[in-house]
Every structure is written in structure tokens, then in C-alpha cells.
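Following: one structure in C-alpha cells, then a few remarks.
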Amino acid sequence: MRCAWAETPFGTVRMTEENGVLTELCFSDAPQERESADCPVFRETVRWLSVYASGRQPDFRPKLSAAKTPFQAAVRTALLSVPYGETVSYAALAARLHTSPRAVGRAVGRNPILLIVPCHRVIGKDGSPTGYAGGLARKEALLAAERTEGRTPEK
């Protein structure tokens with residue numbers, strides 16, 4: 001397992017890879033010593049982040065690790081189908097997957113690959129930006145940036 005860090009307009013992200021696939025992409029706000037590894041999947045992830053940060057939907061995706069359970073895989077597939085700049089409620093995803101909003105919420109909360117697997121696009125039934133591993137302020141900034149396609153967001 002190797003790690004690397006990248007700066008984005010939304011904050012520092014930490015990438016983890018194993019066997020050439022991205023296993024984790026998370027926000028890493030805590031200062032720490034950073035000894036970054038270099039490998040093709042990190043370069044591809046940084047390229048994806050660069051396109052995304054420029055206010056456009058990337059038309060490619062780095063190689064991602066498999067989801068841990070079949071249900072998490074189904075939720076990941078559903079998340080990847082949410083269009084750039086749009087949102088979906090937990091209830092709507094649950095209806096699509098024939099399960100409960102709570103089960104969807106648990107799976108979304110366990111998403112280890114933020115941004116690329118766009119769990120920030122999942123909102124409450126009432127339209128509120130509920131829960132996000134990167135923090136609600138960051139979730140709102142990501143959604144706002146996607147709605148303003150082509151404009152680089154402020155940090």
C-alpha cells in the first residue's frame with residue numbers, strides 16, 4: 001500500500017493505492033509529514049482532480065478498487081450514475097435499489113473514494129446537504145462548484 005497527497009481548491013486529499021488501483025481518496029486536513037509515492041494510478045488521479053477542479057466533469061476515471069460487498073458495489077454504481085452538477089436524495093437512491101434510505105446512507109458513508117465516486121451529490125429528502133465525510137461546508141462547496149461549470153471554485 002502506498003500513499004500520496006495532492007492539493008485541490010477544496011483542500012488536501014490523500015490517495016492510497018494497492019496493486020495499481022486506487023483504494024482511497026479522502027480529504028486530509030490534519031498536518032502531517034508527507035512522503036508521497038509516485039505511480040500511474042496516482043498520476044491518473046491527480047489528472048482527474050485537475051480536470052474536476054477546473055470546473056468540468058472528467059471523461060475518464062482512474063482504476064478503482066472493488067467495493068467490499070455486493071450492496072456497496074450497487075450503491076457505488078448508483079452514485080457513479082448521478083450526473084455532474086445534479087443531486088439525488090437518499091430516499092430516491094433507496095427506491096432505485098429496493099432498500100431503505102438508512103441502508104443507502106450507511107453504504108454512502110463507507111465510500112472510501114470521495115469525489116470520484118460522488119457521494120457528495122447525495123442529499124436529504126428535503127434538499128438539505130446532510131452528512132459528508134469531508135464536512136458539510138465542503139459538500140456545499142463541491143455542489144456549488146459543479147453548478148457553476150467552467151469556473152474554478154474558491155478554497
Side-chain angles (χ1 to χ4, degrees), residues 4-18 21-30 41-155:
W5 287 261
E7 297 299 325
T8 77
F10 305 102
T12 304
V13 294
R14 181 173 57 106
M15 304 171 281
T16 305
E17 74 83 35
E18 201 165 334
V21 298
L22 189 67
T23 57
E24 183 181 39
L25 179 66
C26 64
F27 287 102
S28 178
D29 294 324
V41 75
F42 289 158
R43 288 190 295 275
E44 189 75 352
T45 301
V46 168
R47 189 167 76 85
W48 189 98
L49 290 167
S50 178
V51 172
Y52 183 82
S54 74
R56 298 174 317 196
Q57 171 66 46
D59 62 356
F60 63 95
R61 190 179 307 130
K63 201 170 187 183
L64 306 178
S65 63
K68 294 188 182 202
T69 69
F71 182 69
Q72 288 172 342
V75 171
R76 178 186 283 184
T77 299
L79 290 172
L80 290 168
S81 74
V82 178
Y84 180 87
E86 295 183 25
T87 57
V88 65
S89 71
Y90 290 96
L93 276 180
R96 193 183 311 172
L97 296 169
H98 308 289
T99 190
S100 73
R102 188 172 298 229
V104 167
R106 278 193 304 272
V108 168
R110 290 187 175 107
N111 173 26
I113 304 174
L114 302 183
L115 299 173
I116 296 172
V117 179
C119 56
H120 61 279
R121 295 182 189 149
V122 184
I123 59 172
K125 190 175 184 179
D126 63 358
S128 63
T130 61
Y132 184 61
L136 286 180
R138 189 173 277 137
K139 180 175 187 166
E140 290 171 341
L142 291 166
L143 293 173
E146 287 187 14
R147 283 189 226 105
T148 316
E149 188 169 348
R151 201 176 107 220
T152 303
E154 298 294 318
K155 226 180 201 183

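Counting only distance, with no hydrogens or angles, the side chain of Ser28 and the backbone of Thr12 share no donor-acceptor pair below 3.5 Å. With hydrogens and angles ignored, the 3.5 Å screen pairs a side-chain donor or acceptor of Thr77 with a backbone N or O of Ala73.
Taking CG of Leu25 as the reference point, atom CH2 of Trp48 lies at 8.0 Å (rounded to 0.5 Å). We find the OG-CZ distance between Ser50 and Arg56 to be 7.5 Å, quoted to the nearest 0.5 Å. Taking OH of Tyr132 as the reference point, atom CG of Leu114 lies at 4.5 Å (rounded to 0.5 Å). For the atom pair CD (Glu146) and CZ (Arg121), the distance works out to 4.0 Å, reported to the nearest 0.5 Å.
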Listing, residues 91-107 side-chain donor-acceptor contacts under 3.5 Å, not counting sequence neighbours, or none:
{"residue": "Arg96", "atom": "NH1", "partner": "Ser81", "partner atom": "OG", "Å": "3.1"}
{"residue": "Ser100", "atom": "OG", "partner": "Ala103", "partner atom": "N", "Å": "3.0"}

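Contact check for Val51 versus Asp59: no side-chain heavy atoms found under the 4.5 Å cut-off. Inter-residue side-chain proximity for Phe10 and Leu49 is flagged as unmet; no heavy-atom pair is nearer than 4.5 Å. With a 4.5 Å cut-off on side-chain heavy atoms, Val41 and Met15 do not count as touching. Between Arg76 and Leu64, the closest side-chain pair of non-hydrogen atoms falls below 4.5 Å. Contact annotation: the side chain of Glu44 approaches that of Phe60 to within less than 4.5 Å [non-hydrogen atoms, C-beta and beyond]. For the pair Thr130/Tyr90, a side-chain contact is recorded, criterion being any heavy-atom separation below 4.5 Å from C-beta on.
Considering Ile113, Leu80, Leu143 in turn, Leu80 is the only one that fulfils the side chain to side chain contact (heavy atoms under 4.5 Å, CB included) rule with Pro118.
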Could you go through the side-chain contact (heavy atoms from CB on, under 4.5 Å) check for Leu115 and Leu142 one step at a time? CA-CA 9 Å; Leu115 299 173; Leu142 291 166; 3.5 Å; yes
Test side-chain contact (heavy atoms from CB on, under 4.5 Å) applied to Ile116 and Tyr52, step by step: CA-CA 9 Å; Ile116 296 172; Tyr52 183 82; over 6 Å; no
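Scanning all heavy atoms of the two residues, the minimum distance from His120 to Lys139 falls at O-CE, 3.1 Å. Here the closest non-hydrogen pair linking Asn111 and Cys119 is ND2-SG, 3.2 Å.
Taking 4.0 Å as the cut-off between side-chain N and carboxylate O, Glu24 and Arg14 count as a salt-bridged pair.
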